[in-house]
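In what follows, a structure is listed as C-alpha cells, so that the remarks can point back to it.
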Amino acid sequence: MVFDISIFPSHFPTTKTAIPKFPANPKTFILEKCKTTKDLNQVHASLIKTRLLHHPAAAEPLLEAAALLLPDSTIDYAFSIFRKLEHPDASAYNIMIRGFTKEQSPQKSILLFRQMIEQLVRPDPFTYSGILKAISKLGALKEGEQIHAHVLKSMEKFDRSEFVENSLVYMYASCGQLQSARKVFDEMSERSPVAWSSMFSGYVRCGYWLEVVGLFRKMRGMGIYFNETTLISVFKACGRLGDLELGEWIHEHAVANGLMKNDNLITSLVDMYAKCGRLETARRLFDSMPSKDVIAWSAMISGYSHSDQRREALAIFHEMQRANVKPNEVTMISVLSCCGVLGALETGKWVHSYIKRKKLKLTVNLSTALVDFYAKCGCVDIALELFHAAPSKSVWTWTALIQGLASNGRGETALEYFNLMVEENVEPNEVTFIGVLSACNHAGLVAQGCTYLARMSRDFGIEPKVEHFGCVVDMLGRAGLIEDAYSLITKMPLKPNAVIWRTLLASCRLHKKPEIAEEALKQVARLEPTHSGDYILLADAYASAGRLGDAAKVRDEMKKMGVEKKKSPGCSYIEVGGVVHEFLAEDKGHPEVYEAVHEVMERIKRGGYEPDTMRGRAEAVGEGDKEASVAHHSEKLAMAFGIIRTGEGTTVRVYKNLRMCSDCHNAAKVISSVYRREIVVRDRSRFHHFKDGSCSCHDFW
DNA sequence: ATAGGGTTAG
C-alpha cells in the first residue's frame, strides 16, 4: 500500500531523532485531513512515520475522527490507536467511552471507565456525561447510582456541572426511576431548556405522556423559553395521547415563532398528526419537506400502518426506494408489520433478504418484527428459527412468538415457551397473557387456561382486563361449558362489554343453548343496539336447537326494530408476484384478479354455502352426507381457485377474511393435493397452511 | 465533547 505522506507539510521531519513541530492548531489540521476512512489511514500512517502518534495532541483528533466523526467510523480501529497510547489522558478516555456507547457497546464504555479509575486518571465532566449516557443505554441503575455518588463527591471541582446534572436526569429516567430524575431536576439551581428536555425525554421514554403534557403546561406557566427540541417531546406525547388540540396549538405556536425550519420538528409533527388520525395533514407536512430523511419516511410509513392503510404504507415504502433513501431497521419494523397483517409473504421475504444483504442490525424490535411477520404468515418454523437466532430478546419478542404459535395451532408449544420465558426471568405483560390464554383456547386446554387466568394477578401482579376474560369466555364456550362461561361473565370484577357477550352468544349458537343466548342478546343489544349480527346469532341458536319458530320471530323482530342486516364487506388479500391486491366486496379495481375472486364468492353463494352458516349445514346433513358436502364444496372452490393462474413458480395465496368452517379447510386440503401447490387460508385470527394435502395445524382440527 | 425525532403484541 502506498501512503501519501505529502498530506503533512514537507518541513515535518521524518527522522527518528528530530522533535516534531505541530501546526498551530493540530486538531483542526488533522480533522480537516480526515474526511474518509482512507484519509484517516493515510494520516495515521504519517503520524506513525513522523513519530507524532504518541503525542496526545495529534493522537486524540485521530481517535476522535475514528471513533466519533467519520460516517463509517469503526470503534475497533479507534481502539487500536487508543491501545498504543502510553498514558491516555481523560480526553482520550472520553472519546473512547463515547465511541463505544455510540457503537452500541455501552458495557465496554463501563469497562473502560473502570480501567480509567484504576489507572488513576481523573474523570472530568465530559467523562461523567459520557459514562452516564452508557449507563442510560444499559438501564444499569446500580452503576448509575455509583456514578452519582462519584459526582457528588467531586462536584465542587467542576465549574460547570449542568451537563452532568442533565445526564443524571436522563440516566435516572432511562432506568425508570422517574422520581429520582425529577428530584435531581427539581434540585438543579439553574434549568436550561436542555434540562427540561432531559426531563421530558425521560417521561417520554417511560411512556408517561400525561406527565409530559403536565410539565409542559407548568413550563409555559413559568414563562420559560422552549425550543424545537422541547416541542419534539411534547408532540410525541400529544400523538400518543391523541391530544390533537394541544398538538395543533403548539404547531401554531411553532409557526408563529419561526421554528418550522427544523426538519426534525416537522417529522415529529408528521408523526403526531398521523397518530391523531389526521393522515391528510401529516401527508401535507411530509410532502412539504424539501428533503426527507429515512426518519421522515419511516414516520409516514408507520403513520399509514397505524391508520389501517397498510397498502398505502407499502406504496410509500416503494416510493422511498425510488427516492433512493436507504431504509433502516426502524423502517423495516413498520414494513414487516404491514406485510404480516396483509399476509404479503413475498414482500416480507424480500425485506428479510434485504436486511441480511445490507447487514441491518438485528435489534430487539427488528427481530420481534421478523418473528411476528413470519408467524402471521403462517411460517411458524421460520419464526421459531429467527426467535432462536435473535441476538437479543425482549418481552415483545417472546410475546410475538407465543402469540404466533398460539394462532397457528401450536398451543402446547406456546405454553412451553411461556414457561421458558418465566424461567429466563423475562417479565410477562398483559399482552403476553393474551397470547397464553389464546394458546389455551386454540389448543383446547381449558383447565390450564383457567389456571393461567388466576395466576395472572396472583403470580405476576397483572390484573386481567376484559380482553383476558374474553379469551377465557371464548375458550369455555368453544368447549361447550356455556354455563361456566356465563357465570364467569357475571362474576368477573369488570363490566362486561358487548364483545364478551357476543362471544358467549356465538358459543350458544355452536352448542345449541338458546336460553343463555336470549340473555346474552339482551345484554349485547343494550350495549350496542345496532349490531345486526347479534340477532342472527340468536336466530341461529334457536335454529340449531330446532326452535325454528323462535328463529323466524327474531328475524321478524329485527326487521320491525329497523336493525338493518348490514353485511360487513368481505375483504380478501391476494398476493401475486409480490403485489398485494386488497379487495372489498364488489371492488372492481383489480381486473386481473377480480374476476377470480368474484367467481369464488358467486360459487359459494350459488352453492348455498354462506360461509357463516356452512358449519350448521354440514352438521344438519349428517355424517355420511357431510363427506359429499365437503367434496361438493371443494370442487366449487377448486374451480374458482383454478381460475387464478400465474406464471410458473409463483405462489398464489388466497386470504379470505371470512369466518371459515372446518369444511373450508378440508376443501383447501383437497385443492392443494389436486393442484400440488401451497394454499394458505386465513381467517381473522388463524393461518392454516396446506401443502400437498397436509395441514400444518392438523392437530388443532 | 451534555439533551431531542421514527418502531414492536390481542
Side-chain angles (χ1 to χ4, degrees), chain A residues 60 64 67-69 90-91 94-95 97-99 124-130 132-133 136 160-170 173 192-202 204-205 227-236 239 262-272 274-275 293-303 305-306 327-337 340 363-373 375-376 394-404 406-407 429-438 465 467-468 470-471 499 684-685:
Chain A
E60 273 164 25
E64 198 176 333
L68 300 167
L69 301 176
S91 345
N94 293 348
I95 291 166
I97 287 172
R98 288 179 52 227
D124 62 15
F126 297 113
T127 320
Y128 286 125
S129 54
L132 283 169
K133 190 166 187 173
S136 305
R160 290 210 56 157
S161 60
E162 193 200 324
F163 297 144
V164 181
E165 286 183 318
N166 289 339
S167 304
L168 278 170
V169 170
Y170 190 72
S192 68
V194 177
W196 287 88
S197 289
S198 301
M199 201 58 228
F200 278 129
S201 81
V204 164
R205 208 169 247 269
N227 61 16
E228 295 99 313
T229 311
T230 332
L231 296 188
I232 286 170
S233 291
V234 185
F235 281 139
K236 182 160 183 178
N262 184 324
D263 274 358
N264 290 348
L265 186 84
I266 299 179
T267 302
S268 73
L269 268 170
V270 167
D271 181 54
M272 187 275 289
K275 290 223 164 54
D293 69 353
V294 55
I295 299 178
W297 285 98
S298 302
M300 203 61 240
I301 291 170
S302 88
S305 168
H306 274 264
N328 67 10
E329 293 82 2
V330 179
T331 323
M332 292 316 202
I333 291 167
S334 287
V335 172
L336 282 169
S337 154
T363 58
V364 188
N365 293 336
L366 186 57
S367 295
T368 305
L370 279 167
V371 168
D372 180 55
F373 158 72
K376 277 213 177 78
S394 71
V395 57
W396 298 106
T397 325
W398 287 91
T399 302
L401 181 73
I402 291 169
Q403 192 71 57
S407 61
N429 63 21
E430 286 179 357
V431 187
T432 316
F433 278 101
I434 296 282
V436 168
L437 295 174
S438 87
K465 296 172 82 171
E467 290 86 342
H468 297 104
C471 271
V499 179
R684 250 196 297 270
S685 58

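By the side-chain contact (heavy atoms from CB on, under 4.5 Å) test, A:N264 is found to be paired with A:I232, A:N262, residues two or more places apart in sequence or in another chain being considered. In this view, A:K236 satisfies the salt bridge (charged side-chain N to carboxylate O under 4.0 Å, His left out) rule with no residue, not counting sequence neighbours. With sequence neighbours excluded, the residues that form a side-chain contact (heavy atoms from CB on, under 4.5 Å) with A:S136 are A:Y170, A:M171, A:S174. For A:F235, the ring pair (Phe, Tyr, Trp, His ring centres under 6.0 Å) test picks out no residue, with sequence neighbours left out. Listed by chain and residue number, A:K465 satisfy the salt bridge (charged side-chain N to carboxylate O under 4.0 Å, His left out) test with A:E430 (two or more places apart in sequence, or in another chain).
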field: Reading 5' to 3' through nucleotides 1-8 of chain B, protein heavy-atom contacts under 4.0 Å coded B for base, S for sugar-phosphate only, - for none
entry: BBBBBBBB
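Residue A:Q403 is in sugar-phosphate contact alone, with no base atom involved, counting any heavy-atom pair closer than 4.0 Å across all strands shown.
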